[in-house]
Amino acid sequence: MTLVIGLTGGIASGKSTVSHMIKEKGIRVIDADVIAKEVVALGKPALHKIVQTFGEEVLLPNGELNRQQLGTIIFSDDEKRQQLNAIVHPEVRKEMLKQRDEGIDQQDTFVVLDIPLLFESQLESLVDRIIVVYTTPELQLSRLMSRNGFSEEDALKRIRAQQSLEEKCKKADRVIENTKDLAYTKKQLQNILNEWEHTDE
């Protein structure tokens, strides 16, 4: 029996770090962000729909999507963000399910769906268990500002566009606290995988 795990967190909470640790263990990780980039690539139907909705100004000179420009538009306008999600999410979900089912067919012990907006997009039904990667609001803000070079205002806009980490933790089966060093984070992950590998629920 394959256990399908949903991995989520908040922007700059350390989810990608945990995702990388899981991949290093040879576990299949299906990354929603990677798939989201693939479905809006040049020539894909979703890119055409985005241009129809948001206009040519969201394109780079080479015809590819200008993510920064699109990000600026959608993070200051809830309605536009929902329009974008309505275009991209169905395509992402379709591809994720295809890859998830491949893992189940091959009888993997675990298949991990790495989905930043797992709760916001109401995708809990795609997984059996959920891990939330948590960090403190202070760490989240400072990491995001230093990582992306955002002002405090821009960083807070992006954090507030998601459900709070506290809310996500309440809905999780397990929480990994990414508040200390990598060894501390890795140990928590290993404990969860050890526990879940030996449950036959």
Original post:
So R174 and Q188, side chain to side chain donor-acceptor pair (under 3.5 Å) or not? Walk me through it.
Top reply: CA-CA 10 Å; R174 292 288 179 277; Q188 294 174 79; over 6 Å; no
Original post:
Do the non-hydrogen side-chain atoms of L7 and V133 ever get within less than 4.5 Å of each other?
Top reply: yes
**OP:** Taking Q69 for its side chain and L59 for its backbone only, find out whether a donor-acceptor pair lies under 3.5 Å.
**Re:** no
Original post:
Taking C-beta and beyond as the side chain, do K15 and P116 meet within less than 4.5 Å on heavy atoms?
Top reply: yes
**OP:** Look at the side chain of D128 and the backbone N and O of V4, then say whether any donor-acceptor pair between them is shorter than 3.5 Å.
**Re:** yes
**OP:** Please report the shortest heavy-atom distance between V111 and G103, naming the atom on each side.
**Re:** CG2-CA, 3.8 Å
Subject >> Side-chain touch V132/E166, heavy atoms, less than 4.5 angstrom >> reply: no
Subject >> Intermediate values then yes/no, side-chain contact (heavy atoms from CB on, under 4.5 Å), E177 and T135 >> reply: CA-CA 6 Å; E177 278 194 29; T135 194; over 6 Å; no
Original post:
When rounded to the nearest 0.5 angstrom, what is the spacing between NZ in K37 and CD1 in I35?
Top reply: 11.5 Å
Original post:
Under a 4.5 Å cut-off applied to non-hydrogen side-chain atoms, are L123 and L117 in contact?
Top reply: no
Original post:
Has the side chain of S142 got a donor or acceptor atom that lies under 3.5 Å from a matching backbone atom of L139?
Top reply: yes
Original post:
With sequence neighbours excluded, what pairs up with E124 under the salt bridge (charged side-chain N to carboxylate O under 4.0 Å, His left out) test?
Top reply: none
**OP:** For the pair N178 (side chain) and S13 (backbone), establish whether a donor and an acceptor sit closer than 3.5 Å, ignoring hydrogens and angles.
**Re:** yes
Original post:
About how many Å separate OG1 of T109 and CE of M1, when rounded to the nearest 0.5 Å?
Top reply: 11.5 Å
Subject >> T8 side chain vs I115 backbone, donor-acceptor pair below 3.5 Å >> reply: yes
**OP:** Assess R158 against F150: is NZ or CZ under 6.0 Å from the centre of the six-membered ring, and within 45 degrees of the ring's axis?
**Re:** yes
Original post:
Going by heavy atoms in the side chains, are L65 and L47 under 4.5 Å from each other?
Top reply: yes
**OP:** Treat each ILVMFWY residue as a node, draw an edge where side-chain heavy atoms are under 4.5 Å apart, and state whether Y184 and V18 are in one component.
**Re:** no
Original post:
Can K171 and Q163 be said to form a side chain to side chain donor-acceptor pair (under 3.5 Å), step by step?
Top reply: CA-CA 12 Å; K171 303 174 190 172; Q163 212 174 82; 3.0 Å; yes
Original post:
Would I22 and Y134 show up in the same hydrophobic cluster when neighbours are defined by side-chain heavy atoms closer than 4.5 Å?
Top reply: no
Original post:
Does the pair K157 and S76 meet the rule for a side-chain contact (heavy atoms from CB on, under 4.5 Å), with working shown?
Top reply: CA-CA 8 Å; K157 249 186 214 173; S76 50; 4.1 Å; yes
**OP:** Search all heavy atoms of R100 against all heavy atoms of L113 and return the closest pair with its distance.
**Re:** CB-CD2, 4.2 Å
**OP:** Search all heavy atoms of K168 against all heavy atoms of F119 and return the closest pair with its distance.
**Re:** CG-CD1, 3.5 Å
Original post:
Atom OG in S16, atom CG in D33: separation rounded to 0.5 Å?
Top reply: 7.0 Å
Subject >> Verify same cluster id: I176, W196 (apolar side-chain graph, 4.5 Å) >> reply: yes
**OP:** State whether F54 and K80 meet the cation-pi test: NZ (Lys) or CZ (Arg) under 6.0 Å from the six-membered ring centroid, and within 45° of the perpendicular axis.
**Re:** no
Subject >> Sidechain-backbone polar pair: T2 side chain, D108 backbone, donor-acceptor under 3.5 Å >> reply: yes
Subject >> Atom pair CD/OG1 of E138 and T179 - distance to nearest 0.5 Å >> reply: 11.5 Å
**OP:** Apply the test side-chain contact (heavy atoms from CB on, under 4.5 Å) to residues I50 and V88: give CA-CA distance (whole Å), side-chain angles for both, the deciding distance (0.1 Å), then the verdict.
**Re:** CA-CA 9 Å; I50 288 169; V88 177; 4.2 Å; yes
**OP:** Count the heavy atoms belonging to other residues, nucleotides or ligands that lie under 6.0 Å from NZ of K23, then report whether that count exceeds 12.
**Re:** yes
Original post:
Looking at side-chain heavy atoms only, is the closest gap between E91 and M96 below 4.5 Å?
Top reply: no
Original post:
If you measure from CD on E64 to CG on L60, what distance do you get to the nearest 0.5 Å?
Top reply: 6.5 Å
Subject >> Within one Ile-Leu-Val-Met-Phe-Trp-Tyr cluster: L42 and I87, side-chain cutoff 4.5 Å >> reply: yes
**OP:** Go through E102 and Q106 one step at a time and tell me if the side chain to side chain donor-acceptor pair (under 3.5 Å) criterion holds.
**Re:** CA-CA 6 Å; E102 280 168 13; Q106 289 172 26; 5.6 Å; no
Original post:
Does the side chain of M21 come within less than 4.5 Å of Q190's, by heavy atoms?
Top reply: no
Original post:
Taking atom types as modelled, is there a side-chain donor on Q99 or E95 under 3.5 Å from an acceptor on the other?
Top reply: yes
**OP:** Compare every heavy atom of I74 with every heavy atom of R81, then report the nearest pair and how far apart it is.
**Re:** NH1-O, 3.4 Å
Original post:
Within a strict 4.5 Å, meaning less than it, do heavy atoms of the H48 and V51 side chains meet?
Top reply: no
**OP:** Establish whether L182 and I27 are linked, either directly or via other cluster members, by ILVMFWY side-chain heavy-atom contacts under 4.5 Å.
**Re:** yes
Subject >> Distance (rounded to the nearest 0.5 Å) between I30 CD1 and D101 CG >> reply: 8.5 Å
**OP:** Show your working on side-chain contact (heavy atoms from CB on, under 4.5 Å) between K44 and V40 and close with a plain yes or no.
**Re:** CA-CA 6 Å; K44 293 286 174 108; V40 296; over 6 Å; no
